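These figures come from a predicted structure and were not determined experimentally. The analysis underlying the following values was restricted to heavy atoms, covering all of them including side chains, and did not include hydrogens, waters or symmetry mates. Per chain, numbering begins at 1; letters A, B, ... match sequence-line order.
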Protein chains: 2
Amino acid sequence: MALVDAGVALLRERGPDKLSLRECAAKAGVSHAAPGYHFKNITGLSTAIAARGFALFCEAMEKRLEASAPAATERLSAICQGYLDFATEHPELFLFIFSGQKFNETDEDFALHTSRSYAILRETCAPLIPEGTDPEEIEILVWSLVHGYAHLAMTRKKENPGLGRGWPDFSTLMGHLHKALQASG
Amino acid sequence: MALVDAGVALLRERGPDKLSLRECAAKAGVSHAAPGYHFKNITGLSTAIAARGFALFCEAMEKRLEASAPAATERLSAICQGYLDFATEHPELFLFIFSGQKFNETDEDFALHTSRSYAILRETCAPLIPEGTDPEEIEILVWSLVHGYAHLAMTRKKENPGLGRGWPDFSTLMGHLHKALQASG
DNA sequence: AAGCTAACTTGACAGTGTCAAGATAAAGCA
DNA sequence: TGCTTTATCTTGACACTGTCAAGTTAGCTT
């Protein structure tokens with residue numbers, strides 16, 4: 001959809017909080033109210049853009065998975081790397097989808113891609129769950145760590161300019177995580 | 001400052017992306033352009049509100065620290081609990097200060113409270129740094145984990161309604177973290 | 001040819017941030 | 001007392017925003 005393309009481009013140019021129906025319309029070469037026809041309001045357009053964001057998010061993780069060695073720990077590192085790839089390559093989309101603003105959760109596309117992203121995490125974690133512990137415990141542990149790392153790097157970047165630069169590399173954090181999993185399993 | 005109070009109340013009522021100079025003015029009982037005098041633009045007001053947010057953030061951590069046992073691991077758990085207290089009690093402020101929007105980083109108040117929050121983290125981590133490892137590595141490890149946990153809980157709350165409810169308690173994640181630190185030290 | 005529908009456009013409205021200009025009231029000083 | 005300066009607003013305007021109602025147009029069906 002051309003309007004979603006325009007929206008993504010707009011976010012990239014102007015920042016994650018500068019989305020505008022009218023500017024999207026102008027960018028796509030249609031009249032100012034055309035977006036209101038396809039998406040009933042700005043939440044609708046935002047949701048479509050967020051769905052696109054989650055799709056790219058999934059692709060980034062899957063791409064790293066395909067190139068990964070088959071060992072479970074390698075695969076876990078791979079999806080984390082994919083997570084960070086997405087945040088690095090699409091910082092505005094990353095902030096946009098995790099901005100806390102309301103999306104239309106009943107939107108089919110949106111629901112599809114958000115649940116797919118969690119499924120990737122779940123399946124990659126599965127072989128690493130220590131006996132007798134709730135899988136969700138490890139999933140949230142991993143997801144919190146990588147999400148927190150990426151999100152802090154983007155939002156507090158004055159003190160720490162740029163994801164990775166000036167920060168400990170994520171692989172060192174991953175090392176600590178693996179130690180914790182070994183100690184539990 | 002009454003306008004900042006009004007702004008915080010507005011965020012609480014309407015959500016973290018619904019701040020408006022004119023509505024703040026109305027809430028504070030002044031004319032629509034009065035906020036433009038005190039803060040030269042909406043970024044100025046946002047920065048003042050974010051500074052207030054970081055101050056409350058620091059207070060939440062310090063309050064838990066005062067009630068904590070003196071052991072270093074207890075103190076680390078305490079600031080994490082304070083972190084989560086803040087996110088729970090001021091969800092809109094939490095999302096607002098970590099929204100990724102630009103603040104005026106040269107603002108004195110803002111700089112003071114943001115650096116104070118990082119200093120609390122740094123000092124609490126200090127006794128736990130394993131010999132020969134970069135302190136920042138552990139600081140970012142801890143901060144990423146607790147921030148990721150809190151932020152995911154707030155932004156993806158459809159799948160996981162409410163911080164804590166339906167999620168593994170943070171103390172279990174903290175347990176894994178301590179294991180990792182023991183394995184390193 | 002007639003009718004129907006999807007995909008728009010046009011025009012209006014209230015709300016927004018921002019700016020320039022004026023008002024008002026207190027404070028400092030002659 | 002009167003005059004000037006300064007801080008703190010108010011008023012009014014402008015361009016921009018989302019949203020809605022109404023009109024238009026092109027393509028398909030019958």
#### Entry: Distance test, side-chain N/O of A:Ser20 to OP1/OP2 of D:dC16, below 4.0 Å
no

### Summary
Of B:Leu19 and A:Ala33, the one whose nearest nucleotide on DNA chain C sits closer to the 5' end is A:Ala33

### Summary
Atom CG of B:Asp17 and atom C1' of C:dT16 are separated, to the nearest Å, by 14 Å

### Message
Can you measure A:Lys18 atom NZ to C:dT16 atom P for me and round it to whole angstrom units?
### Response
17 Å

### Task
Measure from the side-chain N and O atoms of B:Ser77 to the backbone N and O of B:Thr73, and report whether any donor-acceptor pair falls under 3.5 Å.
yes

### Task
Measure across A:His147 and A:Tyr83 and return the closest heavy-atom pair with its distance rounded to 0.1 Å.
ND1-OH, 2.8 Å

### Message
Please confirm whether the shortest side-chain N or O distance from A:Tyr37 to OP1 or OP2 of C:dA7 is below 4.0 Å.
### Response
yes

#### Entry: Residues B:Glu62 and B:Arg116 bridged, charged N to O under 4.0 Å
yes

### Task
Considering non-hydrogen atoms only, spot the tightest contact between A:Pro91 and A:Met154 and give its length.
CB-CE, 3.5 Å

### Task
Send over the distance from A:Leu21 CG to D:dT17 C1', rounded to a whole Å.
9 Å

### Task
Consider only side-chain N and O atoms of A:Arg52 and A:His113, and report whether a donor and an acceptor are under 3.5 Å apart.
no

### Query
Do you know which two heavy atoms are closest between B:Thr43 and B:Lys102, and how far apart they sit?
CG2-O, 3.7 Å

### Task
Identify, between A:His38 and A:His32, the residue whose nearest nucleotide on DNA chain C lies closer to the 5' end.
A:His38

### Query
Between A:Lys40 (NZ) and C:dA7 (C1'), how many Å, whole number?
19 Å

### Task
Compute the ring centroids of A:Phe103 and A:Phe54, then answer whether they are less than 6.0 Å apart.
no

### Query
Looking at the side chain of A:Ile42, which of D:dT10, D:dG18, C:dA12 is the nearest nucleotide?
D:dG18

### Message
Quiz question: going by heavy-atom distance under 3.5 Å, is there a donor-acceptor pair between the base of D:dG18 and the side chain of A:Arg22?
### Response
yes

### Query
Picking from C:dG17, D:dT10, C:dT9, which would you name as closest to the side chain of A:Ser31?
C:dT9

### Task
Residues of residues 2-13 of chain B with any non-hydrogen atom less than 4.0 angstrom from an atom of DNA chain C: list those, numerically ordered, please.
none

